[in-house]
Amino acid sequence: MSFFDSYKKGKEAGQGKTEKAKDPSLHKAETGPDITAILRDPERSHLFGAMLERFEKEGEETVELSKRLAEGKLEGKDLEQLEKFRIYFNEVSNRAAEVAGSITPELIARLAYHSPGLKKIIGLVGPDKVTHILKQEIGELAHTDPSNFESISVYLDNLAKFQGGELKEAEKRIQQTVKKYGVNQDSYREAMLIEDPDKRSKALQKIVREKFGKLKTALDLASFRTISEKKAFELDANRGDIENTVLELDQRMKMIGDALDFTISNNDSVRSAVSREISGKSPEITRKQSFSGAMATALTEEKFNEEWQTEKRGISGWEKLDEGEKEKRFEEFKKKRINKEEEKKKEGFWSLVNSTFSIPLIGSRKLSV
């Protein structure tokens with residue numbers, strides 16, 4: 001390799017590192033699964049199709065793009081569009097995986113305290129199953145309902161930042177207070193939970209005195225308890241900080257709980273998953289059909305002719321029917337077959353793409369006696 005070839009490769013590698021440092025998530029999305037890997041994998045392909053279906057509703061004409069992809073007739077602009085969709089899909093999928101990783105049965109159980117709606121759902125299937133459902137459905141939610149997913153993602157991120165920042169600092173201040181006054185942390189917590197100020201003050205004085213030696217106890221008695229009262233007052237001064245921190249935590253928990261409750265109650269896919277858990281039914285297999293799998297089951301002229309021959313053999317006295325009656329029966333079969341394709345559209349995006357081939361094919365068939 002020449003100097004300038006190796007020099008250029010070095011610059012390109014350095015540029016890649018710079019871009020990665022600037023935006024790690026974008027770099028990860030760009031270098032993630034290619035379009036072939038996405039389309040062949042049942043889970044990814046299903047989600048990619050769900051994303052394209054949303055874009056179709058938003059005016060992106062992804063059905064026509066997918067038709068050209070299935071036919072192997074991609075145009076120049078299609079390649080750029082597919083790459084844009086691939087990067088976006090990988091980026092959203094990566095974020096969905098991060099969100100799924102932060103949802104645990106422990107978190108769900110804690111959220112129930114702050115969200116009455118979520119508490120009812122947990123009462124139906126339990127925190128473990130709610131967690132399982134959300135982990136399974138969060139990818140679909142991210143690609144089909146981005147605004148809802150964004151709310152959950154932001155609220156969880158805010159909670160993580162709060163726990164790693166303000167809450168951690170507040171915890172540190174408590175540790176310093178406990179160490180400074182030499183009191184037992186559990187006893188201090190129990191005393192601070194007392195709502196009545198006078199009772200709380202007496203409880204704090206008690207835990208302060210528990211650490212006094214004989215000399216300090218004597219001095220405290222001689223001062224008419226002013227020493228222990230002063231320390232109790234200083235310990236109680238933290239209550240505002242503690243309450244504000246807990247309030248901040250509660251608010252963040254409530255926002256997450258309410259967002260998850262809204263999702264489970266209003267998102268069809270998530271609600272269906274909860275219903276299946278309650279009824280004990282297994283997940284729908286059709287949801288996981290890949291692009292290649294769907295295209296492999298697409299209706300062809302040969303398949304249509306085979307179906308018609310089977311239908312015709314079931315018609316009693318076919319050979320004795322006149323041409324008009326035969327045509328009528330054939331058109332009835334075509335209508336029934338089109339209705340079947342129309343129903344299949346509901347199974348997902350790739351079935352919808354399939355129907356753009358199958359329905360015109362059915363409509364174009366002529367009776368061949």
**With E342, the side-chain hydrogen bond (donor to acceptor under 3.5 Å, both in side chains) member among K344, K340, K345** =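 Among the candidates, only K345 passes.
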For [X] versus [Y], what's the shortest heavy-atom pair and its separation?
X    : Y    : value
A296 : K303 : O-NZ, 3.3 Å
T144 : R54  : O-CD, 3.5 Å
G348 : E53  : C-OE1, 4.4 Å
N158 : R252 : O-NE, 3.7 Å
E56  : V63  : OE1-N, 2.9 Å
A96  : G139 : CB-CA, 4.0 Å

Is the shortest side-chain heavy-atom distance between [X] and [Y] below 4.5 Å?
X    : Y    : value
L65  : Q81  : yes
L141 : I152 : yes
Y155 : L159 : no
I207 : N184 : no
E234 : Y181 : yes
F55  : F349 : no
F48  : F291 : no
I264 : V130 : yes

Does [X] belong to the same Ile/Leu/Val/Met/Phe/Trp/Tyr cluster as [Y], with side-chain heavy atoms less than 4.5 Å apart forming each link?
X    : Y    : value
L193 : I242 : no
I103 : F262 : no
I38  : L79  : yes
V178 : I194 : no
L74  : F89  : yes

Is there a donor-acceptor contact under 3.5 Å from the side chain of [X] to the main chain of [Y]?
X    : Y    : value
N238 : I174 : no
S351 : E347 : no
S151 : S147 : yes
Y188 : L204 : no
D41  : A37  : no

**Prompt:** For M295 and V353, what are the C-alpha separation, side-chain angles and deciding distance, and is it a side-chain contact (heavy atoms from CB on, under 4.5 Å)?
**Reply:** CA-CA 9 Å; M295 294 305 112; V353 173; 4.2 Å; yes
What residues, two or more places apart in sequence or in another chain, satisfy salt bridge (charged side-chain N to carboxylate O under 4.0 Å, His left out) together with [X]?
X    : value
D186 : R189
K202 : none
D128 : none
D241 : R173

Between [X] and [Y], do the side chains contain an N or O donor and an N or O acceptor separated by less than 3.5 Å?
X    : Y    : value
S265 : D261 : yes
Q205 : S201 : yes
E341 : S358 : yes
H46  : E140 : yes
R95  : S153 : yes

**Request:** Please report the C-alpha distance between D157 and K161 in whole Å, then the side-chain angles of each, then the deciding distance to 0.1 Å, and finally whether the salt bridge (charged side-chain N to carboxylate O under 4.0 Å, His left out) criterion is met.
**Result:** CA-CA 6 Å; D157 187 50; K161 287 178 179 176; 3.2 Å; yes
I'd like to know if [X] and [Y] make a salt bridge, using a cut-off of under 4.0 Å between side-chain N and carboxylate O.
X    : Y    : value
K336 : E311 : yes
K172 : E169 : yes
E331 : K334 : yes
E80  : K84  : no

**Message:** Tell me whether E71 at atom CD has more than 12 heavy atoms from other residues, nucleotides or ligands lying less than 6.0 Å away.
**Reply:**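 Above 12, so yes.
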**Message:** Around atom CZ of R68, are there more than 12 heavy atoms from other residues, nucleotides or ligands closer than 6.0 Å?
**Reply:**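 Count over threshold, so yes.
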Rounded distance [0.5 Å steps], [atom1] in [X] versus [atom2] in [Y]:
X    : Y    : atom1 : atom2 : result
N305 : Q309 : CG    : CD    : 7.0 Å
I315 : T310 : CD1   : OG1   : 11.0 Å
K67  : L352 : NZ    : CG    : 10.5 Å
L134 : K129 : CG    : NZ    : 14.0 Å
E83  : D34  : CD    : CG    : 9.5 Å
I108 : T131 : CD1   : OG1   : 4.5 Å

**Request:** Begin from the C-alpha positions of R239 and R200 and carry the test side-chain contact (heavy atoms from CB on, under 4.5 Å) through to its verdict.
**Result:** CA-CA 10 Å; R239 195 164 194 276; R200 186 170 62 252; 3.2 Å; yes
**Asked** Should the pair W308 and W318 be assigned to parallel (<30°), tilted (30 to 60°) or perpendicular (>60°) ring geometry?
**Response**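 The arrangement is perpendicular - the two ring planes meet at more than 60°.
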**Asked** Checking side-chain contact (heavy atoms from CB on, under 4.5 Å) for the pair F304/L361: CA distance, chi angles, key distance, verdict?
**Response** CA-CA 9 Å; F304 177 83; L361 184 149; 4.2 Å; yes
Side-chain donor-acceptor pairs under 3.5 Å in residues 112-123, sequence neighbours left out?
unit_1: S115; atom_1: OG; unit_2: L118; atom_2: N; d: 3.3
unit_1: S115; atom_1: OG; unit_2: G257; atom_2: O; d: 3.4
unit_1: S115; atom_1: OG; unit_2: D258; atom_2: OD1; d: 3.2

**Message:** Is there a side-chain contact (heavy atoms from CB on, under 4.5 Å) between L167 and E248? Walk through the geometry before answering.
**Reply:** CA-CA 9 Å; L167 186 61; E248 286 279 343; over 6 Å; no
**Prompt:** Looking at L47, I138, L52, which hits side chain to side chain contact (heavy atoms under 4.5 Å, CB included) with H143?
**Reply:**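 The single option meeting the side chain to side chain contact (heavy atoms under 4.5 Å, CB included) with H143 is L47.
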**Prompt:** Applying salt bridge (Lys or Arg N to Asp or Glu O under 4.0 Å), which residue pairs with at least one partner in residues 100-109 are found, sequence neighbours left out?
**Reply:**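 Those involving residues 100-109 do not exist here.
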